[in-house]
Amino acid sequence: MAGFNKVVHSYDEALAGLNDNMTIMVGGFGLCGIPEGLINHMVKLGVKGLTAISNNAGVDDFGLGLLLKQHQISTMIASYVGENATFEQQMLSGELNVILTPQGTLAEKIRAGGAGIPAFFTATGYGTPIADGKETREIKGCHYVLEESLTADFALVRAWKADTMGNLVFRKTAANFNPMMATAGKITVVEAEEIVEPGELDPNHIHTPGIYVDRVIKASFEKRIEQRTVKAAK
């Protein structure tokens, strides 16, 4: 079974084949469950012209904000981008192409891409600028917009636990975009908090089977809070 071992031991191995002008999916929700080490290494590699698909754009000094700061992303497909001043500046200046996508639609576009479904109809966005230039259709008296699915050259994912064969378990907020992105990349790379041997994960609790995963790397993570809100002292 040694041939099924997907563990790599360096970020150079993990991101081998990542080049300029590729499309990447980056998991996480806000700053929760993002593949921090993989993002940091992309900064070191200096790859440019990237199309990034992510729920968010990170913050100025963390997450995808680090790639934006180095002008490595040319197109951003996202649903929530409100915490990043660098993103705002590049968008308003026209340097960054931005495709804002309703969050549920974004999730379904990725899920559909991973399932081999090329497009789907959704009511979300009908009659708004979201529908401009897209096919619309009336079905059973309701109006819908045709949305094309999304795939990527690389899907960069963070998991709570992985086994050496690439089976994954996600925890709490990290279970939002990471599982669907893991299915939609030509190459799926996973940063895991813990890597165990095959058989140690309960089969009933595996969220993503290893068939979707190409590489797994062990990493440690920094806990960041995107917006700290505290109760005033009395």
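These numbers come from the heavy atoms of this one structure, side chains and all, not from hydrogens, waters or symmetry mates. Keep in mind that what you see is a predicted model, and the values were worked out from it rather than measured.
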**Prompt:** Linking Ile, Leu, Val, Met, Phe, Trp and Tyr by side-chain heavy atoms under 4.5 Å, what else ends up with Leu201?
**Reply:** Trp160, Val169, Val196, Ile206
**Request:** Under the side-chain contact (heavy atoms from CB on, under 4.5 Å) rule, what do Leu15 and Leu38 come out as? Steps first, then yes or no, please.
**Result:** CA-CA 8 Å; Leu15 291 175; Leu38 292 169; 4.0 Å; yes
**Message:** Can you confirm whether Glu36 sits close enough to Arg158 that some side-chain heavy atom of one is under 4.5 Å from a side-chain heavy atom of the other?
**Reply:** yes
**Item:** Residue pair Met42 / Leu67, side-chain heavy-atom distance below 4.5 Å
**Value:** yes
**Complete:** Heavy atoms of Glu147 and Ile130 approach each other most closely as OE2-CG2, 4.0 Å
**Prompt:** Do Thr164 and Glu197 pass the side-chain contact (heavy atoms from CB on, under 4.5 Å) test, and can you show the C-alpha distance, the side-chain angles, and the key distance before you say yes or no?
**Reply:** CA-CA 6 Å; Thr164 59; Glu197 292 300 316; 4.0 Å; yes
**Fill in**
Closest non-hydrogen atoms of Phe154 and Ala16, given as atom of the first, atom of the second and distance, are CZ-O, 3.4 Å
**Message:** Does atom NZ (Lys218) have a neighbourhood of more than 12 heavy atoms from anything else shown, all under 6.0 Å?
**Reply:** yes
**Prompt:** When hydrophobic residues are tied together by side-chain contacts of less than 4.5 Å, even through go-betweens, does Met181 share a cluster with Phe120?
**Reply:** no
**Asked** If every non-hydrogen atom of Ala162 is compared with every non-hydrogen atom of Val216, which pair is closest and at what distance?
**Response** CB-CG1, 4.0 Å
**Request:** Decide yes or no for Phe87 and Leu64: does some side-chain heavy atom of the first lie under 4.5 Å from some side-chain heavy atom of the second?
**Result:** no
**Request:** Evaluate side-chain contact (heavy atoms from CB on, under 4.5 Å) for His143 paired with Glu138, printing each intermediate quantity in order.
**Result:** CA-CA 4 Å; His143 297 281; Glu138 182 177 341; 3.5 Å; yes
**Prompt:** Taking atom types as modelled and ignoring hydrogens, do the side chains of Thr86 and Asp60 form a donor-acceptor contact shorter than 3.5 angstrom?
**Reply:** yes
**Asked** Only one of Ile217, Val26, Asn40 forms a side-chain contact (heavy atoms from CB on, under 4.5 Å) with Pro35, so which one is it?
**Response** Val26
**Prompt:** For the side chain of Ser93 and the backbone of Gln89, is there at least one donor-acceptor N/O pair under 3.5 Å apart?
**Reply:** yes
**Complete:** d(Leu50 CG, Leu68 CG) to nearest 0.5 Å is 10.0 Å
**Asked** OG1 of Thr122 to CG of Leu146: how many Å apart, nearest 0.5 Å?
**Response** 10.5 Å
**Prompt:** Any side-chain heavy atom of His71 sitting closer than 4.5 Å to one from Glu95?
**Reply:** yes
**Message:** Let me confirm one number: the CD1-OG1 distance from Ile34 to Thr173, rounded to the nearest 0.5 Å.
**Reply:** 12.5 Å
**Request:** Determine the interplanar angle of the Phe121 and Tyr144 rings, folded into 0 to 90°, and report it as parallel if under 30°, tilted if 30 to 60°, perpendicular if over 60°.
**Result:** perpendicular
**Asked** Would you say Ile117 and Arg111 make side-chain contact, with heavy atoms under 4.5 Å?
**Response** yes
**Message:** Is it the case that over 12 heavy atoms from other parts of the model lie below 6.0 angstrom from the CG atom of Leu92?
**Reply:** yes
**Request:** Please report the shortest heavy-atom distance between Gly166 and Val213, naming the atom on each side.
**Result:** O-CG2, 3.3 Å
**Request:** Report yes if some heavy atom in the side chain of Met25 is under 4.5 Å from a heavy atom in the side chain of Ile53; otherwise report no.
**Result:** yes
**Message:** Between Asn97 (side chain only) and Ser74 (backbone N and O only), is there a donor and an acceptor less than 3.5 Å apart?
**Reply:** no
**Prompt:** Do Met22 and Ile73 share a hydrophobic cluster (ILVMFWY, side-chain heavy atoms under 4.5 Å, transitive)?
**Reply:** yes
**Asked** Do you know which of Asn56, Asn55, Thr124 makes side chain to side chain donor-acceptor pair (under 3.5 Å) with Gln103?
**Response** Asn55
**Asked** If you round to the nearest 0.5 Å, how far is NZ of Lys161 from CD of Glu193?
**Response** 10.0 Å
**Asked** What about Ile24 and Val81, same hydrophobic cluster or not, with Ile/Leu/Val/Met/Phe/Trp/Tyr joined at side-chain heavy-atom distances under 4.5 Å?
**Response** yes
**Asked** Minimum heavy-atom separation for Ala219 to Glu191, with atom names?
**Response** CB-OE2, 3.3 Å
**Prompt:** Please walk me through it: do Ile39 and Leu156 pass side-chain contact (heavy atoms from CB on, under 4.5 Å)?
**Reply:** CA-CA 8 Å; Ile39 294 171; Leu156 308 179; 5.5 Å; no
**Request:** Please confirm whether the backbone N or O of Pro118 pairs with a side-chain atom of Ser149, one donor and one acceptor, at under 3.5 Å?
**Result:** yes
**Fill in**
In this structure, CD of Glu108 is separated from CG of Leu150 (nearest 0.5 Å) by 11.0 Å
Distance-only criterion, 3.5 Å: show the donor-acceptor pairs between side-chain atoms of residues 182-189 and protein atoms not counting sequence neighbours.
{"from": "Thr183", "atom 1": "OG1", "to": "Met180", "atom 2": "O", "distance (Å)": "2.7"}
{"from": "Thr188", "atom 1": "OG1", "to": "Ala182", "atom 2": "O", "distance (Å)": "2.9"}
{"from": "Thr188", "atom 1": "OG1", "to": "Tyr212", "atom 2": "O", "distance (Å)": "3.4"}

**Item:** Atom of Ala57, atom of Asn84 and distance for their closest heavy-atom approach
**Value:** O-ND2, 2.9 Å
**Prompt:** Does Ala174 offer a backbone N or O that forms a donor-acceptor pair with the side chain of Asn178 under 3.5 Å?
**Reply:** yes
**Message:** Within the structure provided, determine whether Glu148 and Lys134 are in side-chain contact (heavy-atom separation under 4.5 Å).
**Reply:** no
**Request:** State the NE2-CZ distance between His207 and Phe170, to the nearest 0.5 angstrom.
**Result:** 8.0 Å
**Asked** Side chains of Leu45 and Tyr11: closer than 4.5 Å at any heavy-atom pair?
**Response** no
**Message:** Looking at Asn21, is its backbone amide N or carbonyl O close enough to the side chain of Lys48 to form a donor-acceptor pair, meaning the two atoms are under 3.5 Å apart?
**Reply:** no
**Asked** Checking Lys6 side chain against Gly210 main chain: does a donor-acceptor pair fall under 3.5 Å?
**Response** yes
